[in-house]
Amino acid sequence: MLQRSPTLAPFQHQNFRTLWSATLISNLGGLVQAVGAGWLMTTITDSKSMVALVQGATTLPIMLFSLASGALADNFDRRRIMLTAQVIMMLASVVLAVVAVQGLLTPWLMLGITFVIGCGTALHNPSWQASMGDMVPREDLAAAVTLNAMGFNLMRSVGPAIGGIIVATAGAAAAFILNAVSYVALIVALLRWKPAYAVSKLPRESFGRAVAAGLRYIAMSPNLLTVMLRSFLFGLAAVAILALLPLVASELLVGGALTYGSLLGSFGIGAIGGGLLNSSLRERLSNETIVRLASLGFAASCVLLAFSREVWLSHLLLLPVGACWVLALSLFNVTVQLSTPRWVVGRALSLYQTATFGGMAAGSWLWGAVADVHGASLALVGSGVVLVLAAVVGLWFRLPEFSSLNLNPLDQFREPELRLDLKARSGPIMIMVDFRIAQEDVPAFLTAMADRRRIRIRDGARQWVLLRDLENPEIWTESYHVPTWVEYVRHNQRRTHADAEVTQRLLKLHRGPESPRVHRMIERQTVPLQDDMPLKETPEIH
């Protein structure tokens, strides 16, 4: 089992402390801006769908661009990517503030600028989440993710209230100005941070291949697919609270911007409580139980909020909503990080965020449309029903426990001494591995080979097949292709300590006098008139 660290353990690491603190300030500005945008939209349009789409304009870019951002996070300097994202968001916030001050803001212009800010968030998030493993050791990773969520929700407990006061007293433009200034602290902290990234001897993957590798890894990882399905369903239903809260404040509670901000504050306080309970709950309950309870608790609060007309009761109901929100989403995030090796963690997190925020973007539109036709109360009840269904789905797609597997690189592969003068891009390369397997060991061999096939394809192999000799049935040959020699080397460097267990099972079943024979061959689709692959020159010995 993975050792569980206390919730505050990551604060022992200075880089984490500094960046976490700077992120608090940035989050505060973002939440103040969200209050200003959400409330201002209720004053410049009568469309409930447009109000709900303020939340959708923030989440949609994360769904659309996270995979590309994840590929960048795994192949480029994450610190520089985050700096670029922060500058983009700061400039967009400045434009929003200027337009608002000039009184030129329209509903569609606000959604457009909010979308650009969301694009910056989409670029920033995979690198930021993947950087947790660069700041803290593996045993502190779960606590670091929880503290991340707690930090955001700490600001959510005070930021919306501050935003409500600012909007009520100085207008939405003042909220936008504060947000533009709030990016400075994190930009300075990132400029000072000097992470020690591992240096790869291999050339950087092309963007297209990096994206394809991320998709392939997720497709061959059943546990990650389960997490993404569950996070999509949770995001689809749970976002109704955030998307419709301006309508809850203005229509159901007949309040103003201050009421809206204080409601968001209650949500944030509840989320802090959920973060503090996270570690102790994980020690007592399975991941699946926590997610089911979070979904059902969220559902019950949604339904009760739909019928509440008392300000104090609505604030009280938002406390468990915030707790359930952070319990579920932080658990999804940690499961992805602990189930993924470092070479692809940015892409895995980006696909997880694509699923989660894709659900949120779709939910923002769905519940806004329902509210337009049937009212906010019925939309909240509908989201509660979907959350119950999301909990029931766990009967068939159970959330995995945190992986205790060692996903660090095995680092045992050494390039063989080749006689042919290959270049890095020479290929395609065909690999064949010969095994001698006794008939009584065939069932165990096929079971191990099924795992081997998944690992091979997950790490970049193509056209994988298993062959059996018709004249000598004890001889089995594993065969697969890779596009180039450098991709073959990259494929082997992706092997983890956990993958080595499958190799050991196969070696124990092999009955040959020597280790399984590995054939590495370069393919030729046509027959050249002369040898286009000369032998390497052998140095003379004097």
Side-chain angles (χ1 to χ4, degrees), residues 1-2 213 216-226 338-344 348 398 400-419 427-523:
M1 290 292 293
L2 183 70
R216 183 174 56 242
Y217 189 93
I218 300 301
M220 300 304 294
S221 304
N223 284 346
L224 294 179
L225 290 174
T226 297
L338 294 181
S339 302
T340 311
R342 296 298 299 167
W343 70 267
V344 74
R398 186 179 181 85
E401 294 302 306
F402 293 155
S403 174
S404 58
L405 301 176
N406 185 348
L407 298 178
N408 290 325
L410 185 61
D411 198 25
Q412 289 184 352
F413 176 75
R414 299 294 180 268
E415 287 193 52
E417 294 185 8
L418 304 179
R419 291 292 311 280
I429 305 296
M430 180 179 183
I431 309 299
M432 300 195 315
V433 186
D434 297 331
F435 295 89
R436 183 178 293 275
I437 305 298
Q439 183 62 34
E440 62 270 21
D441 291 333
V442 168
F445 174 75
L446 293 177
T447 299
M449 265 298 167
D451 291 334
R452 175 90 149 206
R453 174 185 179 275
R454 180 180 58 81
I455 292 169
R456 292 287 198 202
I457 296 175
R458 184 198 68 191
D459 289 351
R462 303 179 182 181
Q463 302 172 34
W464 187 98
V465 294
L466 183 61
L467 309 171
R468 191 175 190 182
D469 195 312
L470 295 177
E471 299 178 32
N472 187 354
E474 286 190 342
I475 302 299
W476 294 76
T477 301
E478 176 195 19
S479 172
Y480 65 93
H481 295 71
V482 288
T484 62
W485 178 253
V486 73
E487 291 302 317
Y488 172 68
V489 176
R490 199 190 310 277
H491 169 85
N492 282 278
Q493 289 187 352
R494 288 170 175 169
R495 195 173 304 164
T496 66
H497 285 271
D499 299 333
E501 187 269 337
V502 176
T503 301
Q504 292 303 316
R505 285 159 54 193
L506 290 169
L507 291 176
K508 288 180 181 178
L509 295 171
H510 176 64
R511 296 295 183 92
E514 299 177 347
S515 298
R517 174 72 188 278
V518 180
H519 306 269
R520 302 175 181 90
M521 303 180 179
I522 187 166
E523 288 188 356

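All values reported here derive from a predicted model rather than from experimental measurement. No hydrogens, no waters, no symmetry mates; every other heavy atom, side chains included, goes into these values.
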Problem - Spatial distance of atom CZ (Phe435) from atom CD1 (Ile475) [nearest 0.5 Å] - result: 11.0 Å
Exercise for the section: Answer yes or no: is there an ion pair linking Arg511 with Glu474, defined by an N-O contact shorter than 4.0 Å? Expected result: no
Exercise for the section: Kindly indicate whether the side chain of Ile431, heavy atoms from C-beta on, has any atom under 4.5 Å from the side chain of Arg456. Expected result: no
Problem - Working for side-chain contact (heavy atoms from CB on, under 4.5 Å), residues Arg453 and Tyr480 - result: CA-CA 9 Å; Arg453 174 185 179 275; Tyr480 65 93; over 6 Å; no
Completion exercise
When every non-hydrogen atom of Leu407 is compared with those of Leu338, the smallest separation belongs to CD1-O, 3.5 Å
Handout entry: Rounded distance [0.5 Å steps], CD1 in Ile457 versus CZ in Arg462
Key = 12.0 Å
Fill in the blank from the handout: Value for CG (Leu466) from CZ (Arg452), rounded to nearest 0.5 Å, stands at 10.5 Å
Exercise for the section: Decide yes or no for Val344 and Arg494: does some side-chain heavy atom of the first lie under 4.5 Å from some side-chain heavy atom of the second? Expected result: no
Problem - Flag, side chain of Asp499 to backbone of Thr496, donor-acceptor distance under 3.5 Å - result: yes
Practice task
Please check if any side-chain donor atom of Ser221 sits under 3.5 Å from a side-chain acceptor atom of Arg454, or the reverse.
Solution key: no
Problem - Candidate pair His491 and Ile429, rule side-chain contact (heavy atoms from CB on, under 4.5 Å), full reasoning - result: CA-CA 12 Å; His491 169 85; Ile429 305 296; over 6 Å; no
Practice task
Please test Arg505 against Met449 for side-chain contact (heavy atoms from CB on, under 4.5 Å), starting from the C-alpha separation and ending with a verdict.
Solution key: CA-CA 9 Å; Arg505 285 159 54 193; Met449 265 298 167; over 6 Å; no
Exercise for the section: Go through the steps for Asp469 and Thr477 under the test side-chain contact (heavy atoms from CB on, under 4.5 Å), then give the verdict. Expected result: CA-CA 8 Å; Asp469 195 312; Thr477 301; over 6 Å; no
Exercise for the section: Determine the interplanar angle of the Tyr488 and Trp485 rings, folded into 0 to 90°, and report it as parallel if under 30°, tilted if 30 to 60°, perpendicular if over 60°. Expected result: tilted
Problem - Closest approach of Asn472 to Arg436 (non-hydrogen atoms, all atoms of both residues) - result: ND2-NH1, 3.8 Å
Exercise for the section: Can you see which heavy atom on Ser339 is nearest to which on Tyr217, and at what distance? Expected result: O-OH, 4.0 Å
Practice task
Please indicate whether Glu514 has more than 12 foreign heavy atoms, meaning atoms of other residues, nucleotides or ligands, lying under 6.0 Å from its CD.
Solution key: no
Practice task
Determine the minimum heavy-atom distance between Arg216 and Arg458, stating which atoms define it.
Solution key: NE-O, 3.8 Å
Problem - Heavy-atom closest pair, residues Leu507 and Pro516 - result: CD2-CD, 3.6 Å
Completion exercise
Here the gap from Gln463 atom CD to His481 atom NE2, rounded to the nearest 0.5 Å, amounts to 4.5 Å
Practice task
Provide the closest heavy-atom pair for Val482 versus Ala461 in the form atom of the first, atom of the second, distance.
Solution key: CG1-CA, 4.4 Å
Handout entry: Distance (rounded to the nearest 0.5 Å) between Gln493 CD and Leu410 CG
Key = 11.0 Å
Completion exercise
dist Asp441:CG -> His510:NE2 (nearest 0.5 Å) comes out at 12.0 Å
